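All of these numbers come straight from a predicted model, not from anything done at the bench.
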Amino acid sequence: MERKTNIKLVTISVFVATFMTAIEGTIVSTAMPTIVGSLHGMEIMNWVFSIYLLTNAMLTPIYGKLADKVGRKPIFMIGIIIFIIGSSLCGLAQNMITLIIARAIQGIGAGAIMPVALTILADIYSIDKRAKMLGLNSAAWGIASIFGPLAGGFIVDTVGWHWIFFINVPIGLVLLGLISYFLVEPKREQSKVPMDLLGSVQLMLVLLTLLLGFQLIGDVGFDLKVALCLGASVLFFIGFIFVEKRAQDPVIDLKLFKNSTFVIVNIVAALISGFLMGVEVYIPMWMQGVLGKSAGIGGLVLAPMSILWMSGSFVASALMEKHSTKKVLTIGLSITLLGGIFLVLVPASISFVWFFAISSVLGIGFGITITTTTVNAQSSVDPSEMGVATSFNTLVRTIGQTLMVSIFGVIINAVTTSELAKSSLNVDPDVMNQLVNPHTANTISADLLKPLRGMLYSGLHNVYVVGIGLVIAAMILNALVKVNKK
């Protein structure tokens with residue numbers, strides 16, 4: 001008798017794999033002060049995070065194409081193997097440069113895990129159940145955001161920082177065994193058309209220069225290096241389009257962009273993912289810098305968003321059974337807009353308790369919107385292109401987050417610098433860095449705290465005004481495109 005996929009065990013494996021890659025960001029953040037103390041190199045510390053995201057994003061569309069071409073199972077397993085190797089090398093690192101290189105390898109593996117995991121869920125679940133499964137999968141990110149800092153602190157304090165990486169090895173090996181045995185894929189006809197290697201290289205160069213440019217904007221502002229990176233990205237993109245038009249089996253079929261549903265849900269996903277970064281990065285800053293709360297409170301107020309994201313996914317699943325994509329997205333975007341309006345309107349002196357309610361509203365809105373865009377990006381294309389469609393959706397969300405976190409950084413720096421210059425306070429501009437750090441804020445004299453907090457609030461206010469603009473732009477685009485009721 002022919003074996004069939006064990007849906008429950010494969011689903012659990014997908015969730016665990018997603019959690020394993022999701023927790024990397026939060027667990028490493030907690031351990032980073034200890035790692036820097038051990039390996040030194042604080043001036044290049046940010047690259048431990050940036051290189052992981054960069055290689056992850058660069059390889060995502062390539063893995064999506066390979067998942068369609070040779071199968072989900074082998075690509076998913078290759079991603080886990082590379083992730084295990086990268087994790088092992090991170091744990092063995094003796095200096096910061098080695099750690100950054102190892103994190104690049106980890107990111108290469110992670111680039112396969114997330115999009116192929118979503119594609120596997122799309123394969124084994126029908127559309128009416130898929131949104132619920134995506135919601136549960138998204139919960140892995142929420143759990144990671146809460147559990148990661150606690151786990152990171154515990155591991156560093158007990159067995160040492162190396163084990164925040166080594167722990168991935170046994171988990172990854174178990175996942176390999178489960179996926180190898182319990183995921184059964186139909187045999188695919190081996191395509192005689194060769195892989196579009198030139199297009200793949202061109203696409204990776206586009207993403208490398210584009211994301212590196214965004215990263216540099218966040219680090220140093222707009223300068224010659226940024227201009228060169230973005231200019232090179234445009235040239236590589238033109239070359240990519242030229243190559244793809246002539247490729248026998250393009251890495252991303254340009255015909256996909258003639259599909260209005262596919263285009264709109266991906267643009268909406270990118271815009272809302274950009275706004276999401278404004279929430280995740282700057283609400284903790286609000287808690288610590290404006291309200292003077294601890295870092296723990298900063299993370300805690302985001303917990304309802306992570307939990308209710310899953311509820312939003314379940315709501316999206318129910319709504320998509322009865323209504324068109326356009327209507328479901330309108331509902332999700334409206335709730336997200338409501339949360340954004342609250343962030344713009346609340347005064348600087350508001351109690352942190354109110355942020356639990358705002359976080360809850362945003363969680364439901366994000367859950368409905370992101371889940372709907374993912375399901376529709378998958379269902380709007382031919383099943384033979386589902387891997388490419390899923391990986392492209394993951395990629396545009398990453399690009400939206402990377403672009404907007406850089407732009408938000410520029411906005412808040414520009415506003416606070418301008419406010420400081422206009423004020424009569426004779427302080428070093430670095431005082432804003434002291435303000436947002438709970439450990440150094442108490443070194444600032446009491447007479448300076450109130451005006452400085454007002455300046456930071458002004459910067460955050462501007463960030464959320466721009467965030468609302470992103471949500472409104474997504475609503476306008478959604479209103480302009482006609483989406484057929486399913």
Side-chain angles (χ1 to χ4, degrees), residues 142 145-146 149 272 274-309 311-312 332-367 369 404-405 407-409 411-420 422-423 425 431-472:
S145 67
I146 300 166
I272 298 306
F275 177 49
L276 173 63
M277 289 307 290
V279 173
E280 289 187 338
V281 173
Y282 291 107
I283 282 185
M285 186 181 285
W286 191 323
M287 295 302 101
Q288 295 168 62
V290 178
L291 299 182
K293 301 296 179 183
S294 67
I297 292 293
L300 192 62
V301 294
L302 291 178
M305 185 177 80
S306 302
I307 296 164
L308 287 168
W309 186 305
S311 301
L333 290 168
S334 299
I335 296 171
T336 307
L337 180 63
L338 182 64
I341 289 171
F342 285 151
L343 287 173
V344 169
L345 294 181
V346 293
S349 57
I350 192 171
S351 168
F352 79 94
V353 175
W354 284 98
F355 283 85
F356 286 100
I358 296 171
S359 177
S360 300
V361 172
L362 287 168
I364 295 171
F366 285 134
T369 305
M404 289 315 302
V405 79
I407 291 174
F408 288 148
I411 290 170
I412 202 160
N413 286 336
V415 172
T416 53
T417 302
S418 173
E419 294 273 330
L420 270 175
K422 287 189 291 186
S423 73
L425 304 177
V431 72
M432 298 308 292
N433 291 320
Q434 289 178 257
L435 179 67
V436 299
N437 184 341
H439 300 295
T440 55
N442 57 9
T443 63
I444 301 172
S445 62
D447 60 317
L448 290 177
L449 270 179
K450 188 172 182 180
L452 288 175
R453 284 175 172 169
M455 293 173 195
L456 180 59
Y457 169 76
S458 181
L460 292 167
H461 183 267
N462 279 272
V463 163
Y464 290 121
V465 167
V466 173
I468 282 182
L470 296 177
V471 183
I472 292 172

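- At distances below 3.5 Å, at least one donor-acceptor pair connects side-chain atoms of T416 with backbone N or O atoms of I412.
- Distance OG/S349 to CG/L291: 8.5 Å, rounded to 0.5 Å.
- In this structure the side chain of L343 never reaches within 4.5 angstrom of the side chain of V463, judged on heavy atoms.
- Atom CD1 of I358 sits about 13.0 Å away from atom CZ of F352, to the nearest 0.5 Å.
- The structure places CD1 of I307 at 8.5 Å from OG of S359, a figure rounded to the nearest 0.5 Å.
- The two atoms that bring V346 and I350 nearest to each other are CG1-CD1, 3.5 Å, heavy atoms only.
- The ring of W286 has its center closer than 6.0 angstrom to the ring center of F355.
- Distance alone, capped at 3.5 Å, places no donor-acceptor pair between the T336 side chain and the L362 backbone.
- Note that CE of M305 is 12.5 Å distant from CD1 of I364, once rounded to the nearest 0.5 Å.
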- request: Could you walk me through whether L420 and L452 pass side-chain contact (heavy atoms from CB on, under 4.5 Å), step by step?
  value: CA-CA 8 Å; L420 270 175; L452 288 175; 3.9 Å; yes
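- Nearest heavy atoms, S458 versus E419: OG-OE2, 3.7 Å.
- With hydrogens and angles ignored, the 3.5 Å screen pairs a side-chain donor or acceptor of Y464 with a backbone N or O of G278.
- Annotation: side chain of L276 is in contact with side chain of W309 (closest heavy-atom distance under 4.5 Å).
- Of all the heavy atoms in R453 and V290, the pair that sits closest is CD-O, 3.2 Å.
- For Y282 against V405, the heavy-atom pair with the smallest separation is OH-O, 4.3 Å.
- Between V471 and L333 the shortest heavy-atom distance is CG1-O, 3.6 Å.
- With values rounded to the nearest 0.5 angstrom, I272 atom CD1 is found 11.0 Å from M404 atom CE.
- Taking CD1 of I411 as the reference point, atom CG of L460 lies at 11.0 Å (rounded to 0.5 Å).
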